[in-house]
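What follows is a set of notes on a single structure, which appears directly below.
What you see below is based on every heavy atom in this structure, not just the backbone, and it leaves out hydrogens, waters and symmetry mates. Numbering of ligands and ligand atoms starts at 1, following listing order. This one's a predicted model, so the numbers in the text were calculated from it and none came from an experiment.
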Amino acid sequence: MTLTKKSPCKVNLILNILGKRVDGFHELETVMHPVNLFDELTFERGGTGIQLTCSEPGLPVDGKNLVYRAAEAFLKFHKLEAGVRIHLEKKIPMAAGLGGGSGNAATTLLGMNEVFGSPLTTPALGSLAAALGSDINFFLQEKPALAKGRGEHIESLEFFPALRGTYIFLVHPGFGISTPWAYQQLANFPAALNGTPGRAQTLVDLLQREPLEVAAREFYNSLEAPALQKYPLLTLFQEFFRENGAAVALMSGSGSTTFGITPNRATAIQLREKFLVKFGESFWTAIVPLGES
Ligand code: C5P
């Protein structure tokens with residue numbers, strides 16, 4: 001049996017870092033929102049060990065790939081000797097702050113569980129996800145979520161009334177930003193490193209009760225402090241988004257993808273047209289409805 005699964009991505013509507021922990025990770029609070037752009041993973045039982053192939057020649061297909069590590073963790077946990085063939089069809093930009101790799105790892109855990117007859121419970125999948133990386137638990141569920149800890153403690157939320165009918169315009173500038181680099185740089189930005197707790201919950205409250213224009217003031221990303229200093233182009237993108245109809249403009253995760261949220265599809269399409277005239281046509285862009293699908 002071959003199983004094909006879509007692997008989604010996310011944006012952070014707020015990423016508020018609260019300080020550095022003794023284990024080297026950073027304590028944070030974030031609101032993550034699913035974005036309907038997908039990689040695709042195919043699973044087939046058979047052969048020996050884990051045989052991973054990928055559409056992207058630059059990506060490793062061994063233990064350096066999160067898909068491989070997730071499949072390995074699944075087989076180890078379940079004490080399975082069985083073999084599996086996995087193919088990853090990459091469409092989401094990488095090192096982009098969109099959680100593509102984390103989504104791939106979560107989809108691998110879910111896909112492996114499906115092709116091996118669902119031996120793992122949801123809590124067991126959750127602990128495997130947390131051991132593999134900070135963002136992976138989010139992708140085990142399909143809703144917006146408030147995440148805490150290093151990102152692995154997830155509280156699922158309903159889709160936000162303020163985002164009903166809105167569209168997100170995403171731009172990847174053609175260079176990636178390394179997540180460890182962005183976090184390490186926070187040492188030079190004490191205000192961004194030591195955010196005020198509670199802001200993520202405030203944003204959730206606003207998105208549930210107020211229009212987007214009011215909630216817009218609480219969108220924030222601590223990792224912009226190092227990223228925008230090193231890459232001023234990203235600030236220009238954000239200013240342009242705001243001047244051309246976006247209620248919100250922000251970098252997602254550790255970057256480099258920058259997004260604008262518009263009140264409707266027509267504004268997003270106009271924004272993209274103007275963006276391409278102003279900045280050229282070489283960037284990866286996407287327009288996606290953000291409300292519940
Ligand atoms: O957990 P994940 O592999 O996604 O994290 C990648 C890197 O990002 C970590 O090795 C760490 O340098 C940094 N990080 C952090 N604090 C977090 C999440 C990630 O310092 N909460």
*Which atoms of ligand 1 sit under 4.0 Å from any heavy atom of Gly133?*
1 (O)
*Looking at the rings of Phe159 and His33, which for Trp means the six-membered one, are their centres under 6.0 Å apart?*
yes
*asked:* Which residue and atom name correspond to the protein heavy atom nearest atom 13 (C) of ligand 1, and how close is it?
replied: Tyr183 CD1, 3.4 Å
_Before we go on, tell me: are the rings of Phe169 and Phe275 under 6.0 Å apart, centre to centre?_
yes
*Provide the number and element of each atom of ligand 1 under 4.0 Å from a heavy atom of Arg150.*
17 (C), 18 (C), 21 (N)
*Would you say Asp135's side chain and Gly99's backbone share a donor-acceptor pair under 3.5 angstrom?*
no
_Location of contacts on Phe25 toward ligand 1, heavy atoms closer than 4.0 Å_ = both
_Side chain or backbone, does Thr179 bring an N or O within less than 3.5 Å of an N or O on ligand 1?_
no
*What atoms in ligand 1 come closer than 4.0 Å to a heavy atom of His26?*
15 (C), 16 (N), 17 (C), 20 (O), 21 (N)
*asked:* Below 4.0 Å from ligand 1: does a non-hydrogen atom of Asp135 turn up there or not?
replied: no
*Does one side chain, of Ser134 or Glu152, offer a donor that lies under 3.5 Å from an acceptor on the other?*
no
*Thr257 and His172 side chains, donor-acceptor separation under 3.5 Å*: no
*Evaluate the side chain to side chain donor-acceptor pair (under 3.5 Å) criterion for residues Asn104 and Lys90: first the C-alpha distance (whole Å), next the side-chain angles of each, then the deciding distance (0.1 Å), finally the verdict.*
CA-CA 9 Å; Asn104 292 165; Lys90 213 62 206 159; 2.7 Å; yes
*Which atoms of ligand 1 are found less than 4.0 Å from any heavy atom of Leu28?*
21 (N)
_Quick test of your reading of the structure: of Gly99, Gly101, Ser134, whose heavy atom lies closest to atom 18 (C) of ligand 1?_
Ser134
*When the ring planes of Phe283 and Phe279 are compared, do they come out parallel, tilted or perpendicular, using 30° and 60° as the limits?*
perpendicular
